[in-house]
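Okay, so here's the structure we're looking at.
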Amino acid sequence: MSKKLFLLDALALIYRAYYALIRNPRITSKGMNTNAQFGFTNTLFDLINKEKPTHLAVCFDTHAPTERHTDFTDYKANRQEAPEDLLASIPDIQRIIRAFNIPVVEMDGYEADDVIGTVAWQAADKGYEVYMVTPDKDYGQLLIHPHVYIYKPPSFGNPEEILTAEKVCARWDIQRVQQVVDMLGMMGDAVDNIPGIPGVGEKTAAKLLKEYDTLENVLEHADQIKGALGEKIRNNKELAIMSKKLATIITNVPVEFHEEDYRLKEWNKEALTEIFTELEFKTLGKRVLGENFNAFHSPQQATQTDLFGNAVAAPAAGKSSGKKTTKKDSSAVPLPDWTAVDATETAAEESGATTETVGLVANKNITNTPHDYELVETDEQIKALVKKLQQQKEICFDTETTGTDPNNVELVGMSFSYKAGEGYYIPCPADQKRTQQLLELVKPLFNEPSITWIGQNIKYDLLVFKWYGIEPKGQLFDTMLAHYLIEPEGRRNMDLLSAQYLGYEPVHIDELIGKKGKNQGTMRDVEIEKVKEYAAEDADITFQLKQVFVPLMKEKEVTSVFETVENPLVRVLTDMEFEGVKIDVEFLKSYSRDLEKDAKKCEESVYDQAGVRFNLASPKQLGEVLFEKLKLDPKAKKTKTGQYATGEDVLLKLANQHRIVDDILSFRELTKLKSTYVDALPEMINPKTGRVHTSYAQAVAVTGRLSSNNPNLQNIPIRTERGREIRKAFIPREEGRLLMSADYSQIELRIVAAISGDPNMCEAFRLGKDIHTATAAKVYGIAESEVTKEQRYKAKSVNFGIIYGQGAFGLADNLGISRTEAKQIIDNYKKEFPNIQRYMDEQINLAKENGYVQTLAGRKRWLKDINSSNFTVRGYAERNAINSPIQGTAADMIKMAMIKVHHEMKQGKWQSKMILQVHDELVFDAVADEVDKLEELIIRCMTTAMPLPNDVPVEAEVGKGVNWLEAH
DNA sequence: ATATTCACG
DNA sequence: ACGTACGTGAATATG
């Protein structure tokens, strides 16, 4: 067998591991971040397992300055100070490497790539296959030697990749790998602060090398190169030469490759056990050291602390009562006993084969929840529990059900917790009569007005209960919403929150009902004892999370928006979802047939014109037909996977070249309407109500908006003739009712005017002007009466662009005008509305200073990339700094209006119902004789819910009709 | 499971 | 030279 040597670029791999896990950091129970340790060890172990190297070494950079630094003081000066967690991880990683008995190679005055390059070539000369393990592309230059390769370890979804000289040449579009340094010499490298030639990037560098082969030759023939490019090259010859030198990896470092030192040896299992225990690598520990490894049989695990270092209720050890304190035995994997198919999968997952993949699961090395959970079954037991719970001020509750659609499930059980570590579970049998009886017993509890009910995504449980006729009277507290305000971009599933904030690993739902997909069971089929453990634990954890989130919200100053907006909205959404909207199925069925017929026509026409039959729904195949067979505009852009892009914007630009384009676009429109709306909506009708009940996600959109799903009723077509038709299918639930729709008018622009305080824009709104016409008049310096349609259209586009932080390029592309004209318009705009520009700058500065921006109601969005050195990444964060407060304030406002409307309608016992929200629109299913009063109520609530500063008026318009289209 | 496209505000 | 306007959800193709 051939000798395989792997050389690891330690620091590069550590950086990569650290950042790969940054959004889901692994934190030990002591609060230490172990991303880098975990990621590096994982990579190392997988590599040994999978690639079976015979020889291996890890290379580090040293602190000593290298020749590159002395030659060029700016070298790597760009590099930000590494995060503290990351630096702290290095000694651990070196210990781990030592415990694996793997040599560390480093050399003062040289960087890891120099050492790796030198050793790689020596080893390859001795007949080794050498793999340099690094994500860094600069190593390409070393592939001159056959038998030397780059090994890119697997990263988030992508498998590992072995780069050969051919692949590197293809990647850079060069002929020989030697040219990698010539490339870098010209295009520079922002990461290492290698300057290169200003204005020359990857594409230009490749073009030059194709013609001149080397950088030196390019410089020699610089006179022949025309235009600005030639000028730049001539002016920067020395910079280019130096850049090439900086990029060149040194391959004569004074190290020698002694084969024996590099051979893989026995691991020091004792040392590994110690380190893994310390770092709390439970599953990884088992993978490396076998099932005997158990990091948590060490004695120091006696106390549990929460985030603030407070002790959390310890397990009731030594109790001699009938209650037991159970602890999951992690060596005996609990398998669902009802399926053999899933057993293998579960086993594989528990062994770590899938669970501990970098970036997927954050922190598994934590303890189970210490607990003492009680099953409450008989009427007497339930009555006793109710009595006990009635004494409490706050109680967490959770429901277990037969499915995920709260409007179409049966209750399987409910759990309660009012004290950390304790929990109660009441099972509800399939016999719905008996379940109703049980619920009558607990009803007094929910009627207690003084109890605060805590839940994670409590809207779900409220809906389930509402179907059984129970509506808790007291206050609510949704931990999911608390976390949404603390960390809007975070993920919020229970397992993750529990691990992150409490350090507990709860029972996974998969362990009870199987993974979704193949024959997933329901809670009903699981042994009651197991459900009890799971359900009570959820209530217990949620109860504890509330105690952590309250101070956290206070610290982050989001308590007010929680109390005045998000938390009160829960009941509003519950009621809206409960009501649902009626759909005219016959209308849709007939419309579906029309669409089908017309789509078919378009499809046939496309095949005729193309001369081939293919799958028109496949962008890939369509791209090939358009650009290869029909040879349309060869400059068509490619998608990131290398396919031809065939999006609407691309196709529209081809429209004048070939008639086929119209048919393709029509086909797209028709099939989209048919599959997404016309055919899908009737399928979503709830058999119990005959209506469609969307679900509003209250903790998904980072700006504070709601989102709608199952089905999404916030994107029902309106912009095209044929799409709009679908709105006719949304009808009142019965005779004698109408649909009513109320829209905010230009709400986001009003918010921009109000919070920027721009005098011209505020004035326009105060005078009730058409804002786009007023804008056009200012921008073009003419009277409003002289503004043409064209000018108004352009001004409208600028107004919207401003909200999103659009630049001249985007505006030009949008309006199909030149960039010069676009720039002219934007410059005028900024001059006429000076405070708008100031607002944008201010938001960016605020984000840079505070790390966040906020809405009028105090909702925050943290922008971690606002100081990034990466132009694109930072630009994205800057646009978010501008847009989020605007979009978010509009979201705050309509949410507050909804709460107000809901409150008044409930007080006034209205028969009409609020049923839908579409960002700036509310839809009502209204009783005919309430319509006039309702109109007044809606407009008043919407316009006064959240007054804007600078006297900018808020306006809303109402429409009504026999369907949603007419209501507009 | 990911990418592409397209529906809405 | 890069990419270029924010926020969503769903259907379809494809690896």
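So that the names make sense, note that chain A is the first sequence line, chain B the second, and so on, each numbered from 1. Quantities reported herein were computed from a predicted structural model and do not represent experimental measurements.
- For A:Arg719 against B:dG9, a side-chain N or O and a base N or O form a donor-acceptor pair under 3.5 Å.
- Checked against salt bridge (charged side-chain N to carboxylate O under 4.0 Å, His left out), A:Lys244 has the following partners two or more places apart in sequence or in another chain: A:Asp182, A:Glu216.
- Of the listed nucleotides (B:dT5, C:dA11, C:dG7), C:dG7 has the atom at the smallest distance from the side chain of A:Arg861.
- Put simply, A:Ser884 has no side-chain N or O that comes within less than 4.0 Å of OP1 or OP2 on C:dG7.
- Among the atoms of the strands shown, only primed sugar atoms or phosphate atoms (P, OP1, OP2) are found under 4.0 Å from some heavy atom of A:Thr646.
- In this entry the distance linking CZ of A:Arg705 with P of C:dG9 reads 11 Å, nearest Å.
- Note: CD (A:Gln621) to P (C:dT12) measures 16 Å, nearest angstrom.
- Across all strands shown, A:Ile718 has heavy atoms under 4.0 Å from sugar-phosphate atoms exclusively, and none from any base.
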Could you walk me through whether A:Phe800 and A:Tyr804 pass the ring-ring contact (aromatic ring centres under 6.0 Å, His included) check?
CA-CA 7 Å; A:Phe800 282 114; A:Tyr804 305 132; 7.2 Å; no

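- Closest to the A:Pro619 side chain, of the nucleotides B:dC8, B:dT5, C:dG7, is B:dT5.
- The side chain of A:Arg819 lies closest to C:dT4 when the candidates are C:dG9, C:dT14, C:dT4.
- Within 4.0 Å (heavy atoms only), A:Glu648 reaches sugar-phosphate atoms of the nucleic acid but no base atom.
- Comparing C:dG3 with B:dA3, their P atoms sit 16 Å apart, to the nearest whole Å.
- Looking only at atom types and distance, the side chain of A:Asp679 has a donor-acceptor partner in the side chain of A:Ser592 under 3.5 Å away.
- Whole-Å rounding puts the A:Gln806 CD to C:dG7 P distance at 14 Å.
- When heavy atoms are screened at a 4.0 angstrom cut-off, A:Ser708 is found touching the sugar-phosphate backbone but no base atom.
- Inter-residue side-chain proximity for A:Arg874 and A:Lys848 is flagged as met; some heavy-atom pair is nearer than 4.5 Å.
- If you take CD of A:Gln917 and C1' of C:dT8, they are 12 Å apart, rounded to a whole angstrom.
- If you find the closest nucleotide of DNA chain C to A:Leu706 and to A:Phe809, the one lying nearer the 5' end belongs to A:Phe809.
- Residues A:Asn963 and A:Arg727 have side chains not in contact (no heavy-atom distance under 4.5 Å, counting atoms from C-beta outward).
- Under the Watson-Crick or G-U wobble criterion, with both distances below 3.5 Å, C:dC2 is left unpaired in every strand shown.
- As rounded to whole Å, 7 Å separates atom P of C:dC6 from atom OH of A:Tyr876.
- A:Asn615 comes within 4.0 angstrom of the backbone, heavy atoms only, and of no base.
- When each of C:dG7, C:dG15, C:dG9 is scored by its nearest atom to the side-chain atoms of A:Asn712, the top-ranked nucleotide is C:dG9.
- Residue A:Ser707 has no polar side-chain atom (N or O) positioned under 4.0 Å from OP1 or OP2 of C:dG7.
- As rounded to whole Å, 12 Å separates atom C1' of C:dA10 from atom CG of A:Leu713.
- For A:Gln887 against C:dC6, a side-chain-to-base donor-acceptor contact under 3.5 Å is present.
- Of all nucleotides listed (B:dA7, B:dT5, C:dA13), C:dA13 comes nearest to the side chain of A:Ala617.
- Among the nucleotides C:dG9, B:dG9, C:dG15, the one closest to any side-chain atom of A:Lys620 is C:dG15.
- Between A:Tyr804 atom OH and C:dG3 atom P there is a gap of 23 Å when expressed in whole angstrom units.
- Distance check on atom P: B:dT4 versus C:dT4 gives 13 Å, rounded to whole Å.
- Closest to the side chain of A:Ala701, from the set C:dG7, C:dA11, B:dA7, is C:dG7.
- Here the side chains of A:Ser695 and A:Glu577 are in contact, with some heavy-atom distance below 4.5 Å.
- For the pair A:Arg668 CZ and C:dA10 P, the computed distance is 20 Å after rounding to whole Å.
- A:Arg750 and A:Ser745 form a side-chain donor-acceptor contact under 3.5 Å, judged by distance and modelled atom types alone.
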